[in-house]
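Beneath this line is the structure, given in structure tokens, with notes to follow.
Ligands are counted one by one from 1 in listed order, and the atoms in each one are counted from 1 as well. Everything numeric here is computed off the predicted structure, so don't read it as measured data.
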Amino acid sequence: MKVLVIGNGGREHALAWKLLQSPRVEQCWCVPGNGGTALLEGCKNIPLAVEDIDGIAQVALQNQVDLVVVGPEVTLSLGISDLLQQEGIPVFGPTQLGAKIESSKSWAKTLMAEAGVPIAQGETFSNAAAAKAYITQQGTPIVVKADGLAAGKGVIVAQTVPEAYTAVDDLFKAGFSLIVVEECLIGEEVSILALTDGITVRSLLPAQDHKRIGDGDTGLNTGGMGAYCPAPIATPDLLQRVDKEILQPTVTALRNRGIDYRGVLYAGLMVSPQGEPKVLEYNCRFGDPETQAVLPLLKTPLDQVILACVQQRLGELPPLRWRLGTAVCVVAVSAGYPGQYEKGKLITGIQEAEAMGVTVFQAGTALEGDRLVTDGGRVLGVTAIRQNFSEAIIGVYQGVDCIDFEGKYYRRDIGHRARSRKG
Ligand code: AMP
Ligand code: GLY
């Protein structure tokens, strides 16, 4: 089987790596890929932008690929799946309309309300004055969100009224025509990446991301600084409830709107101190870096699961098989990220890290001749799988310490919530 993976992050390196482990996958193309996918045996990069959906469809046609797996939300929200379906190419990822579950927060909130899914109370506004009046009435803390893709910069958790007003003004000034203002939920976050064929839903093991740049969850929001899986906050009881009260009703509501959603439904949940889950947001794709912690634990060949979704026969698939143990992924970033940072720094030590029994998923890297250099903010993620959480933490940091590039920064407290949970 020939597959094409779209995207250039650590998530896509992990997807290509996992797909190529299947005996049925002979060849993988990555568009545009990164230094890691370039070095992966059986994988070839094709330099096209993830927004160039016509170009990508051409590549899929020319190479007669059997399956396209879409990483980034932007490519889905531009309609890559609609285009590939018209060409008769099997694609894993929702259509443009389905991708609205991520690209429009107001649309997603209406859908979830219709489905009876627990969410934060809130309203959508098209002008600043009305939004501010609502904020004054509700008080703080309060959350202000852009109603569109904002690359992780569209959510402001405001502690004071002036801060919330500024967020409203900033988002309208940035060109968003709608914003959502909603109640601030308290608790612990967990990411449930579920796969669906539009009818049946199968959750992957639960993971927890670390979005802030600094230890102790301080500083600016990032794309994600590390993840671990399984996350003990998601007990079997909670997972069952999430399936029954959140995921399944959402897929049914999508179907009721005529949306045949085949892809990842990623629920970002807040679990209250009383153990009640509410949806903070849905994403229409795999999470990054959650994927780098979740997929290495999956024993069922990934192509099998994805094809079952694409061919709408997920219900016939036996239960997913998982490795025992815990996976922890720590992301190393360039100095200055998520602000300004330099590129082109030589990366060394990946082989030494891998010799210690970890897997390195590259993200912002590029090959310049035979030199591997930094090419982005999140440079790479190191994943360790060990029998238990404590050993995985030790293993992952031993791996991270082997790798060097000028300005390397990483969080030293990945998994701190799981550690405190274990007492
Ligand atoms: P993003 O992934 O950029 O959309 O950011 C979403 C993040 O904002 C979540 O991971 C939460 O940390 C935070 N967030 C979003 N909505 C709420 C809410 N209603 N209450 C508290 N935090 C929220
Ligand atoms: N890890 C957060 C995300 O993928 O959106």
Thinking salt bridges, do [X] and [Y] make one under a 4.0 Å N-O criterion?
X    : Y    : result
K105 : E182 : no
R202 : D197 : no
R411 : D217 : yes

Counting each atom of ligand 1 from 1 as listed, which ones have a heavy atom of [X] under 4.0 Å away?
X    : result
E182 : 16 (N), 17 (C), 18 (C), 19 (N)
E183 : 18 (C), 19 (N), 20 (N)
E281 : 1 (P), 2 (O), 4 (O), 6 (C)
K145 : 15 (C), 16 (N)
K211 : 2 (O), 10 (O)

Between Y409 and M225, what is the shortest heavy-atom contact and its length? CE2-CE, 3.8 Å
Looking at every non-hydrogen atom in both residues, tell me the closest pair between L76 and P94 and how far apart they are. CD2-O, 3.5 Å
L185 contact mode with ligand 1 (heavy-atom cut-off under 4.0 Å):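 The part of L185 near ligand 1 is both the backbone and the side chain.
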With a heavy-atom distance limit of 4.0 Å, tell me whether K105 approaches ligand 1 through its side chain, its backbone, both, or neither. side chain
With heavy-atom distances below 4.0 Å as the criterion, list the atoms of ligand 2 near [X].
X    : value
D209 : 1 (N), 2 (C)
Y266 : 1 (N), 2 (C), 3 (C), 4 (O), 5 (O)
R285 : 3 (C), 4 (O), 5 (O)
N283 : 5 (O)
G287 : 4 (O)

For ligand 2, the portion of R11 having any non-hydrogen atom under 4.0 Å away: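 R11 to ligand 2: no contact under 4.0 Å from either part.
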Is C184 close enough to touch ligand 1? Criterion: a residue heavy atom under 4.0 Å from a ligand atom.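 A heavy atom of C184 does come that close to ligand 1.
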Heavy-atom gap K278 to ligand 1 smaller than 4.0 Å: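 So K278 does not count as touching ligand 1.
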How are the rings of Y397 and Y410 set relative to one another: parallel (under 30°), tilted (30 to 60°) or perpendicular (over 60°)?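 It falls in the tilted class, 30° to 60°.
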Should the ring pair F125 and Y134 be called parallel, tilted or perpendicular, given that the plane angle runs from 0 to 90° and is split at 30 and 60? tilted
Check each of V144, L269, T222, L280 against atom 23 (C) of ligand 1 and report the one with the nearest heavy atom. L280
Measuring only between side-chain heavy atoms, which start at C-beta, is V382 closer than 4.5 Å to V360? yes
Hey, are the side chains of V242 and S203 touching, using non-hydrogen atoms and a 4.5 Å cut-off? no
Check I347, V333, V331 against V379 for a side-chain contact (heavy atoms from CB on, under 4.5 Å) and give me the one that passes.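 It is I347, the one option of I347, V333, V331 that forms the side-chain contact (heavy atoms from CB on, under 4.5 Å) with V379.
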